[in-house]
There are 2 protein chains.
Amino acid sequence: MKENIYQSIFNTYAKRIQSGKIPPGTKLPSENELMSSYSTSRETVRKALNLLVQHGFIQKIRGKGSYVLDIGRMNFPVTGLTSFKEMSGKIGRSTRTLVQRTVCTGASPSIADCLQIEPGEPVWEVIRVREIEGERIILDKDYFRPDKVVLLTEELAAGSIYEYLEQTLNLVISYAKKEISVEEATDEDRALLDLNGLTHVVLVRNFVFLEDTTLFQYTESRHRLDKFQFVDFARRIP
Amino acid sequence: MKENIYQSIFNTYAKRIQSGKIPPGTKLPSENELMSSYSTSRETVRKALNLLVQHGFIQKIRGKGSYVLDIGRMNFPVTGLTSFKEMSGKIGRSTRTLVQRTVCTGASPSIADCLQIEPGEPVWEVIRVREIEGERIILDKDYFRPDKVVLLTEELAAGSIYEYLEQTLNLVISYAKKEISVEEATDEDRALLDLNGLTHVVLVRNFVFLEDTTLFQYTESRHRLDKFQFVDFARRIP
DNA sequence: CAGTGGTCTAGACCACTCC
DNA sequence: GAGTGGTCTAGACCACTGA
């Protein structure tokens, strides 16, 4: 029993809603009912319900109750950090990762600027191509500060680097900033991706921070235009 | 005094951090200190701090304290519903809105599908071009269900439709789903925008829902590739 | 060890919706 | 009026950090 009460309530309902066991439009038990059925306090129940609201599962209306939303169309919420491996599992297509390079090298001026270090300082560079159903769709270029990540190998790069960082190195990833824009394709893009003559790529820049607020990774994800999609769930800030 | 205590604490610190009055890296007063200095309870203080966390202003570390993050590079968070008018204010460039059409018409099959109604049912259609520094960059196509929005005029379309909906019609906008993808430019795009020969546009589909969970608006925002940017702040979900 | 944030409790009053 | 969610209180115990 290491799970919190409110986490457990949240997980229970999140599962039921995601699996469709509780259909959209259903009214959830009131906070008072949940309070007694879980024999806990109301603030704890409210914490669980607010989590459900934030994740887009339910909608609360004052004086009426909590209602399950229709998340059927929410294909995959990329909001929240999502790595390629998690994503490909959700999409359920045949995918493959081709590691192009895993080296520790001197930072170019533009990379140094992104990582907030000096040009020429050493950085780990990992370049990977993501193949989806036989087509090379995504080019991932990752850069890590070597004071945080000492060693990287091709084997690690082929799997999930995040798993390695979190479970082996015990780095706690805290938050990230994403920027999405469209740029002209580079020679590298044309060489490594199946662009089919497309002149631009979607560029997702990702700045990843640790718990101590230090930036330690910068990633450029270069997507083929026609295969890119980003879904966001937004709540009106009152 | 209609403002909540926790809202007021949040606003105070959000302003100070955004204005730079509290620089990044600063340690905020502890929850106990805030508790007594605002003469309120700790849970209330925590509500305010959690809001600051969710908005990316601060970072809490157990056993240490709350620290101000470096949001200097967070240009404008488009996460959270942001209308064009809000956005243009933040960018601070000269912008103009050109209303192309404001009519009540029969829904085409694709629009009907998006709005979850039958083809041919009446919908309000508003088509606007956004001009930034003399160039026509964005094409906004809005569709409203007429059972919610009875009347729209060109004057309203030229201003902020959201203001009208919320303040005059008292519609409560609750949440929205955004999809970002890239599509081939249509003849309409080429006619209404200054595409400079670009063959594709960034398409932002926006589904807006009311408090009673009914979908009432669908918007297509078609952006010129080279002027599009989207910034997202994401927290690792534990 | 003292200080920090994370969780939880058992109450309270309010604003709102629906009948 | 009864029932709902929104806010708030004054405590409590825990896990973690740092000196």
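Treat the numbers as computed from the prediction; the structure is a model and nothing was measured. In what follows, chains carry the letters A, B, and so on, assigned in the order in which the sequence lines appear, proteins first and then strands, with residues in each chain numbered from 1.
One finds no side-chain N or O of Tyr6(B) lying less than 4.0 angstrom from the OP1 or OP2 phosphate oxygen of dC8(D). Phosphate contact (OP1/OP2 of dG5(D), side-chain N/O of Lys64(A), threshold under 4.0 Å): absent. Neither OP1 nor OP2 of dC8(C) sits under 4.0 Å from any side-chain N or O of Lys47(A). Close to dG5(D), at under 4.0 Å from its OP1 or OP2, lies a side-chain N or O of Ser66(A). Not one side-chain nitrogen or oxygen of Thr44(B) sits closer than 4.0 Å to the OP1 or OP2 atom of dT7(D).
Nucleic acid contact for Leu49(B): none, since no nucleic acid atom lies under 4.0 Å from a heavy atom of the residue.
In this entry the distance linking CG of Leu28(A) with P of dT4(D) reads 13 Å, nearest Å. Remark: P of dG5(D) and CD1 of Ile61(A) are 10 Å apart, rounded to the nearest angstrom. The nearest whole Å value for the distance from the CD atom in Gln59(B) to the C1' atom in dG6(C) is 15 Å. The CG-P distance, from Asn32(A) to dT17(C), rounds to 19 Å in whole Å. One can place CG of Asn50(A) at 9 Å from P of dT7(D), the figure rounded to the nearest angstrom. Residue Gln7(A) contributes atom CD, which lies 20 Å from atom P of dC14(D) at whole-angstrom precision. Straight-line distance from the OH atom of Tyr67(A) to the P atom of dT17(C): 12 Å, rounded to whole Å. Rounded to a whole Å, the CG atom of Leu34(A) is 13 Å from the P atom of dG6(D).
Side-chain contact between Lys60(B) and Asn50(B) is present, with at least one heavy-atom pair separated by less than 4.5 Å. Put simply, the side chain of Gln217(B) does not reach to within 4.5 Å of the side chain of Phe209(B), judged on heavy atoms. At least one side-chain heavy atom of Thr26(A) sits less than 4.5 Å from a side-chain heavy atom of Pro23(A).
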#### Entry: From CA spacing to verdict: side chain to side chain contact (heavy atoms under 4.5 Å, CB included), Phe144(B), Tyr218(B)
CA-CA 7 Å; Phe144(B) 299 89; Tyr218(B) 166 69; over 6 Å; no
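No hydrogens or angles considered: a donor-acceptor pair under 3.5 Å links the side chains of Thr97(B) and Arg130(B).
In the set dC16(C), dT9(D), dT7(C), the nucleotide with an atom closest to the side chain of Arg46(B) is dT7(C). For Asn4(A), the listed nucleotide lying nearest its side chain is dT7(C); candidates were dG5(D), dT7(C), dC8(D).
The two residues Thr219(A) and Asp142(A) make their nearest non-hydrogen contact at OG1-OD2, 3.0 Å.
A heavy atom closer than 4.0 Å to some atom of DNA chain C occurs in Thr40(A), Ser41(A), Arg42(A), Glu43(A), these being the qualifying members of residues 35-43 of chain A.
With hydrogens and angles disregarded, no donor-acceptor distance shorter than 3.5 Å links the side chain of Ser36(A) to the backbone of Ser39(A).
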